[in-house]
There are 4 protein chains.
Amino acid sequence: MKLPIRVSEESREPLYHQIETQLQSLIVSGKLPPGTPLPSIRALASELSCSVITTRKAYQNLEGRALIKTIQGKGTFVKEVEKQRKEDTKQQLIVSAFLKAVEQADQVGSTQAEMKSLFNQALLQYFDNKINKSKGGKEDE
Amino acid sequence: MKLPIRVSEESREPLYHQIETQLQSLIVSGKLPPGTPLPSIRALASELSCSVITTRKAYQNLEGRALIKTIQGKGTFVKEVEKQRKEDTKQQLIVSAFLKAVEQADQVGSTQAEMKSLFNQALLQYFDNKINKSKGGKEDE
Amino acid sequence: MKLPIRVSEESREPLYHQIETQLQSLIVSGKLPPGTPLPSIRALASELSCSVITTRKAYQNLEGRALIKTIQGKGTFVKEVEKQRKEDTKQQLIVSAFLKAVEQADQVGSTQAEMKSLFNQALLQYFDNKINKSKGGKEDE
Amino acid sequence: MKLPIRVSEESREPLYHQIETQLQSLIVSGKLPPGTPLPSIRALASELSCSVITTRKAYQNLEGRALIKTIQGKGTFVKEVEKQRKEDTKQQLIVSAFLKAVEQADQVGSTQAEMKSLFNQALLQYFDNKINKSKGGKEDE
DNA sequence: GTGGTCTAGACCACT
DNA sequence: GTGGTCTAGACCACC
C-alpha cells in the first residue's frame, strides 16, 4: 500500500521528522487503523527516494512512542491503541499547534480580537485552497 | 538601551534564530521605531552571554530582510519601513502561523468546528497563563 | 571535482566574496550546470587553505541568491535555474560593470568618443595579456 | 564654495574613499583648477554630515598623492599639476575602470563581440539617463 | 561522509 | 568606540 506521505528536501525540517509526524497523523486520525501493515523501510525509502537510515529512524521513533510495532521477519504494523489515547494525542497535537501560533501572534503585538479574526481568515483560506485543489483534480505530476 | 530579548539554551532553535525572530517581532510590532539604534553586536553578545558571531548572524539576517541597517563604524539601526509594510508583515506572520496550525489539525482529521473550539481553548489557556505569570511577579521558574 | 577558483590573500576583497563571485560566474556562464554537486565546504576550504567558515559564508550567500541549494547531510548543489534567468543575470552583471566604468569616465570629463576609443584599447590590452599568459604556460608570477 | 560631492551611507565603499575619488575626479578633469581653495575639513564634514576624521582622511590621502596642498592656517588648495600628468591620470583611471569591467565580463563567459555590444548599450543607457535627469530639473531634494 | 551551530579569540577598517 | 573578516578548533544533526 502506498502511503500518502509527501516529503520536501527544501524544508528545514529533517526528512525523518517529516515522515514521522505524517505517519503519526495518519495513525491517530484513524486513517491507518490498528494492524495495518506499513511498507518496509526499504520500500518506503525508495518511494520517497531517501536513505533507509532515514526511514528507519522515523519508524524507530514511532515504535518508541508505541504507535507502531515491528515484528522480526514479518514487517511493521500499526499498533493497537486505545481510542481514548488517540483522541487525547490528537487534541493535544492540535492545541499545542494553536498555542504556538498564538504565542507568535502575541509576540508581534496582536490582540485577542485580531487573532480571532485572522484565525478565521486562515481557516477560510486553508479550506478554500483545499477544495480548489481537489476540484482541479490532480494538481501534481 | 536594553532589549527585552530572552534566549533559551535548552531550545533546539538556534540561538541566532531566537534573537532574529524576537528582534523582528519588536520591529514589526512597532516597539522599536525606525532609526532606533540597536545594541552593538558585542554589547548584545555579552548581555546574552553568547558569542559575537551569534549576534552578528542575527543582525545580518535581519539586514538581508531589509529590517535593519548596519553602518561600518557607526552601528546598527532599525530601518525606515513603510507602516503598511510592517502591518503586512505582521499580519502575514500571524496568518501563516495559523495556517500551519490548521494544516496540522486537518491532518489529524479535525473538523472546522472542532478547530474553532480548540483554538478558543488555546487562546484562553495562553492568556490565562500569561496573566498568572505577570501576577505572580516572577515570571521565571 | 576541482573548481577553477583562485583566491588572492593580497586582495582587499574578502576571501568569501572572491569565492562567491567566482562561483557565481561559473554558474551563470553555464560552466557548472544545474545539479552539479559542489565540493563540500571542508574540501573547498582545505583546497583554498582557508577556514571552513569562509567557504560556508560564500555558499550561504549564493544560496540566499537562489543559485545553489544546500541539503543537510547531503551536500551542496547548483540549483535549477531557468536558462533565461541565467542569461539575464549574466547580461545584467556585464552591463552594470560597464555602467560603473562609464560613470567613472564621465566623472573625469571624458567624452563618449574618448570612452569608445579607450574601451577598445582596454579590450585589446585585456585579451593580448590573456593570450600571452596562456602561451607562456605558467600564468603565475 | 559648495563641492558637487555626493556620498551614500548605503554604499559598501568607505565614506572617506567616496570623498577622495570624487575630489580626485574633479581635480584631474579640470573642474577644480589649480589654486582653488577647498572647504575646510570641518565645513565639508558638516556639509556631508560625517565625521571630521573622515574628511581629514580623504584630504590626507589626496595630499599624499600630491593633488592638493594644505597650508597651515590658510586652508587647503588644489595643487599645481602638470597638464600632462592630469591627462595621464585621467586616462589611466578610465582604462583601468574598463579593464575591470572587461575582466568581469570575461569571467561570465562573454565574447568580445558581446562585450562591444553591451558596452554600447551601457553607454546609451548612461547618457540617456543623464539627459533625462537634467531635463527634469533637480530630481533631488 | 555531509552541513549547522557555536566559541573565544584575533586583526583590520571605519567613524 | 563601531562593524567586517577570519582562524582553528568544537559538537551536533542529518544522510
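Letters A, B, ... are given to chains in the order of the sequence lines, protein chains preceding strands, and every chain is numbered from 1.
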**Prompt:** Under 3.5 Å, is there a donor-acceptor pair between the side chain of A/S49 and the main chain of A/S46?
**Reply:** no
**Complete:** note: C/L48, atom CG; F/dT7, atom C1'; distance rounded to Å ~ 15 Å
**E/dG3 pairs with, by Watson-Crick or G-U criteria that keep both distances under 3.5 Å** = F/dC12
**Message:** For C/K74, is there an ion pair with A/E9 - N to carboxylate O distance below 4.0 angstrom?
**Reply:** yes
**Asked** With side chains defined as the heavy atoms from C-beta onward, is the minimum distance between D/Y59 and D/I68 less than 4.5 Å?
**Response** yes
**Request:** Check side chain to side chain contact (heavy atoms under 4.5 Å, CB included) between C/I5 and all other residues, then give those that pass, not counting sequence neighbours.
**Result:** C/L3, C/V7, C/I19, C/Q22, C/L23, C/L26, C/L48
**Request:** Mind calculating the distance between CD1 (B/I41) and P (E/dC12) to the nearest angstrom?
**Result:** 17 Å
Write down the protein N/O and nucleotide N/O pairs, taken from nucleotides 9-15 of chain F, whose separation is under 3.5 Å; answer none if there are no such pairs.
residue	atom	partner	partner atom	Å
F/dC14	OP2	A/Y16	OH	3.1
F/dC15	OP1	A/L15	N	3.3

**Atom pair distance, as rounded to whole Å: CZ in C/F77 and P in E/dG3** = 9 Å
**Prompt:** Rounded to the nearest Å, what distance is computed from the CD atom of residue D/E20 to the C1' atom of nucleotide E/dA13?
**Reply:** 14 Å
**Item:** Value in whole Å for how far the P atom of F/dG4 lies from CG of B/N61
**Value:** 13 Å
**Message:** Between A/S29 and A/S25 (side chain of the first, backbone of the second, donor and acceptor by atom type, cut-off under 3.5 Å), is there such a pair?
**Reply:** yes
**Message:** Just the rounded figure in Å: distance from P of E/dC14 to CZ of D/R56.
**Reply:** 16 Å
**Message:** Without decimals, in angstroms, what is the distance between B/Q60 CD and E/dG4 C1'?
**Reply:** 16 Å
**Request:** Would you please confirm or rule out a distance under 4.0 Å between OP1 or OP2 of E/dT2 and any side-chain N or O of C/T70?
**Result:** no
**Asked** D/Q18 has an atom CD; how far is it from atom P of E/dA13, in whole Å?
**Response** 18 Å
**Prompt:** So does C/S40 get a side-chain nitrogen or oxygen closer than 4.0 Å to the phosphate oxygens (OP1/OP2) of E/dT2?
**Reply:** yes
**Request:** Check whether any side-chain N or O of C/Q18 sits under 3.5 Å from a backbone N or O of C/S8 as a donor-acceptor pair, and report yes or no.
**Result:** yes
**Message:** If we check salt bridge (charged side-chain N to carboxylate O under 4.0 Å, His left out) with B/E20, which of these qualifies: B/R56, B/K57, B/R65?
**Reply:** B/R65
